*Asks:* 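One structure is given below, represented as structure tokens, and several questions about it will come after.
Chain letters run A, B, ... following the sequence lines, proteins first, then strands; residues in each count from 1. Because the structure is a prediction, the values reported are computed rather than measured. Every heavy atom of this structure was used, including side-chain atoms; hydrogens, water molecules and symmetry mates were not.
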Amino acid sequence: MAQKPSIPKGTRDFSPAEMVRRNYIFDSIKEVFQRYGYMPIETPAMENLDTLLGKYGDEGDKLLFKILNSGDFLRKADESLLARKDSNAIAGQISEKGLRYDLTVPFARFVVQHQNELSFPFKRYQIQPVWRADRPQKGRYREFFQCDVDVVGSDSLFNEVELIQIVDEVFQKLGIRVVIKLNNRKVLAGIAEIIGEASRLTDITVAIDKLEKIGLEKVNSELSEKGLSDEAIEKLQPILSLSGSNAEKLVKLGEILAESEVGTKGVDELNEVLTIIDALNVETGVELDLTLARGLNYYTGAIFEVKAIDVEIGSITGGGRYDDLTGIFGLKDVSGVGISFGADRIFDVMNQLELYPPEVTVTTQLMFVNFGPKEGAHCLKLAGDLRKSGLKVEVYPDSAKMKKQMTYANKKNIGFVALVGEEEINNGVVTIKNMETGEQKSVKPEEITSVIG
RNA sequence: GUGAAUGUAGCUCAGUUGGUUAGAGCGCCAGAUUGUGGUUCUGGAGGUCGCCGGUUCGAAACCGGUCUUUCACCCCA
């Protein structure tokens, strides 16, 4: 056999059947976004590398796909670096573009670049693929879609509330049962401060983020490995084992963090968001989760994560507030908050749970069988009229054998087939066959809509 | 990036201690049925056993490398 063609590791093709399902997800999400006044934007697949580098931590930098410069780039590169075969050092000389890693950083770049054309608060959504040079795994791809909604230029916690409402509406609409986990970076910073390890915030958050997965003991040993004092770990224990309702946790947390200014601010923010949410008709459970840390280190306030209740797949949506993302690009004091729906994981969840409404998979409603050039032309006319009245109609292009045409209709899951041969044309009728029941009847063209409807 | 498993027909998978011509089910194509699919019956096509190299008289099977997919870790949607 000839070498079969293939696609890069961690990427996927999508068949028509998959695309109608994916589009259903995208359309549902978009509709909710628009209902809240968010407007779409798009940014290029590739960004300048200096826009991307340093925004996602060291780990993130490693996962960036870099694009080779055009032309004879090696000639211009530093000879000594080439000789040393230091890939990382050379990369900077032979590559100045990279594929976007997420939609938030390109968005921040967009806001700064177009600041004079935008009116703030600026609410946008963006649905595009992103790329990560990660090793593929369950629910992890190298190319995947994110559906981002962000508001920049407003400090109000109403935005956090609104994002929670959006999450609630999207997943209710899709029929996925989820729980929204909520935390606040300021609280985490306060905790680090109280236990006397303010500088170790990242290590602490990365470790406690794993609490649910690996358990308290392993978290403690990881913290100790990272060099945290036994005393600090000891002080952390009551915080890690906080339990009770959101309100109860907040009261206890408020006491623990009373000495910390940031910590108290974080508790107040959480309080306010949860209080407003309680008064609204949000069906989805919102759970205060102190172990929720999230990797992206540009978050400064609220952090969210959404988990599917019925499928084990990691988080399907996540986000948070970032006070100074545009600062790195030269625009100070613009706070933003946003979330990102992981379309591919949502797709996996929807597939596993078979949550698609039946009408989503309906494509063509009626197919005309082709009996020959003359009959076919007659059908083309009828089909055109039916399309004008909103039906999805196709005419089989070749006058192939009946069996072949019927098989085609059957495989494509077409509900009705129209048979229009010489006899029907002479009598001014159309024979409509219901492909599910097998029953068929002759009707006048103007009656077709009601037979199919 | 680290550790492990996997790869045989379009798909899902058999294939004995290394032994002659590599199988099944589903799907595909054709016929039974020249204006009737989805059911049934009959026949047919389709494989350099992921790729490269090695061991052997002989390799789908054993060994090495490489790629793919999957799982765990790191990290993450």
*Asks:* Quantified in whole Å, what is the C1' atom distance between nucleotide C62(B) and nucleotide G18(B)?
*Replies:* 8 Å
*Asks:* Nearest of C75(B), A77(B), U70(B) to any side-chain atom of Pro136(A)?
*Replies:* U70(B)
*Asks:* Sequence neighbours left out, what passes side-chain contact (heavy atoms from CB on, under 4.5 Å) with Gln172(A)? Give chain and number order.
*Replies:* Asp168(A), Glu283(A)
*Asks:* Please state whether the rings of Phe110(A) and His114(A) are parallel, tilted or perpendicular, taking 30° and 60° as the class boundaries.
*Replies:* tilted
*Asks:* What does the 5'-to-3' dot-bracket notation of RNA chain B look like when only Watson-Crick and G-U wobble pairs under 3.5 Å count, and pairs to other strands show as |?
*Replies:* (((((.(..((((.....[...)))).(((((.......))))).....(((((..]....)))))).)))))....
*Asks:* Using the side-chain contact (heavy atoms from CB on, under 4.5 Å) criterion, which residues pair with Val262(A)? Sequence neighbours excluded.
*Replies:* Lys186(A), Glu193(A), Ser260(A)
*Asks:* Just to be sure I understand the rule, does Phe341(A) reach a base, reach only the sugar-phosphate, or reach nothing, if contact means heavy atoms closer than 4.0 Å?
*Replies:* nothing
*Asks:* For Gly139(A), answer base if it contacts any base atom (sugar-phosphate contacts may also be present), sugar-phosphate if it contacts only those atoms, and nothing otherwise; contact means non-hydrogen atoms under 4.0 Å.
*Replies:* base
*Asks:* Using a 4.0 Å cut-off on protein heavy atoms (strictly under), produce a 5'-to-3' string for nucleotides 25-41 of chain B with B for base contact, S for backbone-only sugar-phosphate contact, and - for none.
*Replies:* ---S--S---BBBB---
*Asks:* Tell me, please, which residues at least two apart from Tyr408(A) pass ring-ring contact (aromatic ring centres under 6.0 Å, His included).
*Replies:* Tyr396(A)
*Asks:* Tell me, please, which residues at least two apart from Ser15(A) pass side-chain contact (heavy atoms from CB on, under 4.5 Å).
*Replies:* Ala17(A), Glu18(A)
*Asks:* Remember a base hit wins even if backbone is also touched, and classify Lys210(A) as base, sugar-phosphate or nothing at under 4.0 Å, heavy atoms.
*Replies:* sugar-phosphate
*Asks:* How far, in whole Å, is C51(B) from A60(B) if one measures between their C1' atoms?
*Replies:* 14 Å
*Asks:* Mark yes when over 12 heavy atoms from residues, nucleotides or ligands other than Glu447(A) sit less than 6.0 Å from its CD; otherwise mark no.
*Replies:* yes
*Asks:* Please tell me if Gln137(A) has a side-chain N or O lying less than 4.0 Å from either OP1 or OP2 of C76(B).
*Replies:* no
*Asks:* Determine the interatomic distance between P on C75(B) and the same-named atom on G10(B); round to the nearest Å.
*Replies:* 42 Å
*Asks:* Quick one: list whatever passes ring-ring contact (aromatic ring centres under 6.0 Å, His included) with Phe171(A), sequence neighbours left out.
*Replies:* Phe341(A)
*Asks:* Taking the side chain of Lys9(A) as heavy atoms from C-beta outward, which of C75(B), A77(B), U68(B) is closest to it?
*Replies:* U68(B)
*Asks:* For the side chain of Arg135(A) and the base of U2(B), is some donor closer than 3.5 Å to an acceptor across the two?
*Replies:* yes
*Asks:* Does Asp134(A) or Ile7(A) map to a spot on RNA chain B nearer the 5' end, using the closest nucleotide for each?
*Replies:* Ile7(A)
*Asks:* Does CD in Glu446(A) sit with more than 12 non-hydrogen atoms of other residues, nucleotides or ligands closer than 6.0 Å?
*Replies:* yes
*Asks:* When we call it a touch if two heavy atoms are under 4.0 Å apart, what does Gly10(A) touch: a base, just sugar-phosphate, or nothing?
*Replies:* sugar-phosphate
*Asks:* Quick check on RNA chain B: between Ile214(A) and Gln146(A), whose nearest nucleotide comes earlier from the 5' end?
*Replies:* Ile214(A)
*Asks:* Partners of Met402(A) by side-chain contact (heavy atoms from CB on, under 4.5 Å), sequence neighbours excluded?
*Replies:* Val369(A), Phe371(A), Met406(A), Leu419(A)
*Asks:* Suppose you measure atom C1' in C11(B) against the same atom in U16(B); what distance do you get, rounded to whole Å?
*Replies:* 26 Å
*Asks:* Could you tell me which residues satisfy side-chain hydrogen bond (donor to acceptor under 3.5 Å, both in side chains) with Asn351(A), sequence neighbours excluded, listed by chain and number?
*Replies:* Tyr356(A)
*Asks:* Between A30(B) and G35(B), how far apart are the P atoms? Round to whole Å, please.
*Replies:* 14 Å
